[in-house]
Amino acid sequence: MSTLFDRQFIVIAGKGGVGRTTVAAALASAAARRGKRVLLAQTKSKERLSRLFGGPPVHSEIVRVRERLWAVNMVPEAALREYGVMVLHSHLVYRAVFENQLARSFIRAIPGIEDYSLLGKVWFHSTEMEHGRPKYDLIILDGPATGHAITLLSIPRAIIEAVPEGPLTRDARSAHQLLTDPQRTTMLLVTLAEEMPVNETIELAARARREVGIPIGPLLVNQLYPPRFVSGPSKRALDLLPETIDQSADPLAPLLHRSRIAQRRRALNERYLERLQRELPLPEVHLPYLFAPDFGAAATEELSQLLEAQLASLPEAAA
Amino acid sequence: MRFAVAVALFGFAQGATATPRLALFRLDALGLSSEVVEQLEGILRVELARAADTPLVPRNAIAEVIARQPRYSDCTGEPACLAPLAQTLGVLEVVAGNVGALGDRYVVNLKRVDQRGHELGRLTATLDGRADLLIQEVRVAAFRLVAPEKLTGSIALLSEVLGASVAVDGVLRGTTPLPAPISGLSVGHHTLQVARPGYSDYLDQVEVRFEKATEVVVHQRAVTTAAKLEIAERTAPKPIDPPAYSRWWFWTGASAVAIGLGVLIGGAVATPQTHATH
Ligand SMILES: Nc1ncnc2c1ncn2[C@@H]1O[C@H](COP(=O)(O)OP(=O)(O)OP(=O)(O)O)[C@@H](O)[C@H]1O
Ligand SMILES: [Mg+2]
């Protein structure tokens, strides 16, 4: 049975700050646990992976984070050089072509070239072989936020349409085939069950289908508040309390405030879960808000287990 | 939606005793069935009346004027004919326009002219053909044309951090918890910033929609040790097995307190729920 973990390429997308990096790390960890060799590729990210994995810092060189798990934080400058070398098959030729002053300013001026170098690098790693088999079974792209992700993923198609046939279009075609192949690629949308992230996610899904043609997998709804105070005696009790009590006078004031916030956030979560089901009918994975003062390796692991269990129980077609 | 229409109609009926200050001359059809245009015109009349807060000159009154002075029937919205029309009808302003189709959307052009022939405003609006969106879109267009200053909505904040300053487009609007949504914001995008020392800043672009409250959950993390301690303190006991970060005990504790107070205040007698960890 083919599951999400049998894909070659998973793109994690969503609105800024919804937890793309966190979820990508959890997913990478789950795939590695299942025996896959995984490369987690980030794009110009703040360095957070060392904390999430409790491992070495991750910069623009690929590092091994743990058994079967590698990571890289791609920056356009380095990616462009690397990709240039790959295409030209020689450092010397690359230098001659790319590091020539004139050529460099010319290349920089090509719109989308930075994005293309990032995508090109990811695509290249997906084709890398070692000991007669792919070097990585799965590449997870912790992509840029919403609109930028679409731009990034649309580049191969733009190149195919605009650039005359040659090595560049050959790679672009191959990258585009990878991006649109449901056997190999899935885009996972991460969202929160809140108004703005939900709006953006619905729009993002539509654009991803229309403009990129990338297959969309289960929706990952992150940071769901626990169902406290939404029914039963705890709700009845909270409902009986005054809306607020005088802050300064009563030590219980902050507690009451937090309980009410918890109640409202959960209620809000439920409303937007409903809206998602109506307007973006995809299978869903629900991830709880983890109350971790410092979201570190233990929290990543907990999220990873929850993610894996839910992905495993999705119907085959969905996963 | 039916409610909104009812409200609009009610407003219209209420103002009916007042003298009309506005007339909708007509909406010319550009290759659309007259049935569709009539429907759109009907909605537009209701919404214009609501936006301008005045009854509109009834349709038959306009038809009478045209019957008496046939030159008006050729009028396609030039100030030169709308101005005398406004005078004849005894209103301050006249709105006229046309509507055409673009794919499955409607494109409406509207113009607003006063008695002296000054153009007071014009707009082009593309309307989604779907019935559930149409009324809202016509409403927004009507307000944009005759009462743009009333085209506002609000932002409702849900913020866990108390005492954080809230600013919209750089203007301070209070500290959390805000007693009510921030209202009177013009429709469109606004910058929302929430800050409190010790916590990460929240900064986002928020879209404000007409007569709606956009719900924003403010995500802020404690960044200083002091702030982290504050969280730890208000959520108390010692971390126990299972991992410290799943603070189920906080929630159990909080509901116990809530229930305790509830009982004291004279409410339900209840036992605390036991909550599983996530
Ligand atoms: N399930 C969760 N429970 C609690 N906190 C979470 C959860 N998921 C993410 N977070 C927190 O939310 C914040 C944003 O997460 P993250 O950096 O993964 O988001 P992102 O989408 O990658 O953001 P960016 O757009 O900045 O790249 C972090 O502080 C992270 O610890
Ligand atoms: Mg990130």
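Chain naming here is simple, since letters A, B, ... match the order of the sequence lines and numbering starts at 1 in each. Keep in mind that the numbers below use all heavy atoms, side chains included, and drop hydrogens, waters and symmetry copies.
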Before giving the answer on salt bridge (charged side-chain N to carboxylate O under 4.0 Å, His left out), spell out for B:Asp204 and A:Lys15 the whole-Å C-alpha distance, their side-chain angles and the decisive distance to 0.1 Å.
-> CA-CA 11 Å; B:Asp204 209 346; A:Lys15 183 182 187 320; 2.6 Å; yes
Walk me through it: do A:Gln223 and B:His219 pass the test side chain to side chain contact (heavy atoms under 4.5 Å, CB included)?
-> CA-CA 11 Å; A:Gln223 299 189 19; B:His219 296 265; 3.4 Å; yes
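- No side-chain heavy atom of A:Leu192 sits less than 4.5 Å from a side-chain heavy atom of B:Val217.
- For A:Glu195 (side chain) and B:Thr214 (main-chain N/O), no donor-acceptor pair under 3.5 Å exists by modelled atom type.
- Taking 4.5 Å as the heavy-atom cut-off, the residues of residues 271-282 of chain A that approach chain B are A:Arg271, A:Tyr272, ordered by number.
- Within a 6.0 Å radius of CG in B:Leu172, more than 12 heavy atoms belonging to other residues, nucleotides or ligands are found.
- No more than 12 heavy atoms of other residues, nucleotides or ligands shown are found within 6.0 angstrom of CD on B:Glu35.
- A:Leu268 touches chain B through its side chain: at least one heavy atom from C-beta onward sits under 4.5 Å away, while N, CA, C and O do not.
- The residues A:Arg264 and B:Glu160 are annotated as not salt-bridged, no charged nitrogen and carboxylate oxygen being separated by less than 4.0 angstrom.
- A 6.0 Å sphere centred on CD of A:Glu203 holds no more than 12 heavy atoms belonging to other residues, nucleotides or ligands.
- To the nearest 0.5 Å, atom CG of residue A:Asn199 and atom CZ of residue B:Arg209 are 6.5 Å apart.
- Looking at B:Ala213, the atoms closer than 4.5 Å to chain A (heavy atoms on both sides) all sit in the backbone: N, CA, C or O.
- Legend: residues meeting side-chain hydrogen bond (donor to acceptor under 3.5 Å, both in side chains) with A:Glu270, ordered by chain and number and at least two apart, are A:Arg266.
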